[in-house]
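So the structure is just underneath, and the comments pick up after that.
We count ligands from 1, going down the list as the structure has it; atoms in each ligand are counted the same way.
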Amino acid sequence: MSTPRTSLRVGIAGLGAVGRQLATVLDAGIPGLTLAAIAVRDEAKARASVTLTGSPVFTDIASLASHCDIVVECAPAALMRDIAVPTLTAGKILVALSSGALLSNMDLVDLAREHQGQIIVPTGALLGLDAVSAAAEGVIHSVTMTTRKPVKGLLGAKYLVDNNIDIAGITEPMRIFSGTPREAAVGFAANLNVAVALSLAGIGPDRTKLEVWADPNVERNIHRIEVDADSASFSMEIQNIPTENPKTGRITALSVIAALRKLTAPMRVGT
Ligand SMILES: NC(=O)C1=CN([C@@H]2O[C@H](COP(=O)(O)OP(=O)(O)OC[C@H]3O[C@@H](n4cnc5c(N)ncnc54)[C@H](OP(=O)(O)O)[C@@H]3O)[C@@H](O)[C@H]2O)C=CC1
Ligand SMILES: O=C([O-])CC(=O)C(=O)O
């Protein structure tokens with residue numbers, strides 16, 4: 001009989017909207033995956049925010065990697081390096097949700113290569129990165145994404161503050177940004193990680209085109225993508241139901257679970 005695959009120890013960095021959902025699903029039991037540790041900054045508050053039957057270690061982000069084989073980064077973007085460097089230096093896997101923060105820290109890819117670690121950017125709150133990466137094996141002519149979010153999913157973004165754009169009282173949809181994912185990663189660090197993930201799968205953060213609308217008439221975070229390539233043209237749209245964090249869709253944590261399952265599954269579906 002062959003040796004059974006060992007269980008991969010998963011660590012969660014940041015117990016917010018995504019982290020709590022991930023912790024709950026992992027704690028309920030997924031074959032091949034064990035919730036080993038959670039990095040938080042206020043342990044008492046974190047323990048009170050989630051009900052777990054298992055006993056993961058509660059620790060800080062500097063020590064997290066030492067308890068795990070995989071670290072899922074679901075913390076504010078500004079903490080990306082603090083989480084990624086110890087994980088990748090130890091040759092482990094980093095699942096990066098604050099994908100916008102990767103653009104200004106691309107040396108992390110070299111660090112992963114040097115230590116045989118790996119950075120996984122999951123599809124997260126988006127869709128279709130399988131088709132976009134397949135098309136990128138040929139020639140993609142253009143990728144355009146239009147994001148439409150309720151006002152509360154955008155309030156407080158740096159771009160709005162820096163440009164004195166007031167969306168609080170709008171009664172009609174308002175186009176608030178037209179540019180690239182690279183620009184959005186700076187101006188909307190907590191709102192448009194999906195655009196950066198799309199760009200990394202396709203034609204990069206400077207050639208991908210992005211429009212962002214604040215829309216008082218929608219309740220979901222809606223992303224529409226149009227791709228024109230030499231292999232296919234396709235368009236797709238996702239309408240995300242927000243979590244308790246209005247910026248974050250419910251499907252985000254589920255996308256991470258699906259990606260983690262593929263690491264040990266005897267059959268993988270999708271690229
Ligand atoms: N790629 C994608 O598709 C998506 C990416 N995202 C991104 O994923 C990340 C997580 O999203 P979400 O869960 O909604 O965010 P939340 O704001 O709900 O959660 C972030 C958590 O990080 C914690 N945190 C802050 N500082 C530290 C620290 N020093 N050590 C440990 N924990 C800390 C916060 O704790 P405290 O409660 O103490 O403040 C909070 O619980 C964000 O960057 C978001 O932009 C989100 C959705 C989709
Ligand atoms: O891009 C993000 O970080 C989150 C997002 O739009 C969504 O959840 O729909």
Could you tell me if any non-hydrogen atom of Asp42 lies under 4.0 Å from any atom of ligand 1?
no
With a cutoff of 4.0 Å, is Arg220 in contact with ligand 2, counting heavy atoms of the residue only?
no
Side-chain ion pair, Glu43 and Lys45, N-O less than 4.0 Å
no
I'd like the name of whichever of Ser98, Ala46, Ser255, Ala78 reaches closest to atom 43 (O) of ligand 1 through any heavy atom.
Ser98
One residue to check: Thr248. Relative to ligand 2, which of side chain, backbone, both or neither has a non-hydrogen atom less than 4.0 Å away?
backbone
Under 4.0 Å, heavy atoms only, figure out whether ligand 1 is touched by the backbone of Lys247, its side chain, both or neither.
neither
Report whether Val72 and Val109 are members of the same hydrophobic cluster (ILVMFWY, side-chain heavy atoms less than 4.5 Å apart, transitive linking).
no
State whether Glu244 and Arg20 are salt-bridged, where the test is any N-O pair (Lys NZ or Arg NE/NH1/NH2 against Asp/Glu carboxylate O) under 4.0 Å.
yes
Contact partition for Thr243 relative to ligand 1, non-hydrogen atoms under 4.0 Å
neither
Give the residue, atom name and distance (to 0.1 Å) of the protein heavy atom nearest atom 5 (C) of ligand 2.
Lys149 NZ, 3.3 Å
Among the heavy atoms of Ala39, does any lie under 4.0 Å from an atom of ligand 1?
yes
Give a yes/no verdict on whether any heavy atom in Leu126 is under 4.0 Å from an atom of ligand 1.
no
Using a 4.0 Å heavy-atom cut-off, say whether Leu15 meets ligand 1 through its side chain, its backbone, both or neither.
backbone
Any heavy atom of Thr252 under 4.0 Å from ligand 1? The part involved is side chain
Measuring from atom CD1 of Ile251 to atom OG1 of Thr248, what distance do you get when rounded to the nearest 0.5 angstrom?
13.0 Å
Select the closest option to atom 23 (C) of ligand 1 among Ser49, Ala77, Pro76, judged by heavy-atom distance.
Pro76
Sub-3.5 Å donor-acceptor pair from the side chain of Lys92 to the main-chain atoms of Cys68, do we have one?
yes
Contact region, Asn191 to ligand 2, non-hydrogen atoms below 4.0 Å, reads backbone
Using a 4.0 Å heavy-atom cut-off, say whether Lys247 meets ligand 2 through its side chain, its backbone, both or neither.
backbone
Say whether Ser98 and Glu73, considering side chains only, have a donor N or O and an acceptor N or O under 3.5 Å apart.
yes
Val50 versus Leu15, closest heavy-atom pair with distance
CG1-CD2, 3.8 Å
Between Leu192 and ligand 2, which part of the residue brings a heavy atom under 4.0 Å of the ligand: side chain, backbone, both or neither?
backbone
Quick check: are there more than 12 heavy atoms from other residues, nucleotides or ligands sitting under 6.0 Å from CZ of Arg81?
yes
The complete set of ring pair (Phe, Tyr, Trp, His ring centres under 6.0 Å) pairs with one or both residues in residues 205-260, sequence neighbours excluded, reads none
Could you give the distance from CD (Glu183) to OG1 (Thr180), rounded to the nearest 0.5 Å?
3.5 Å
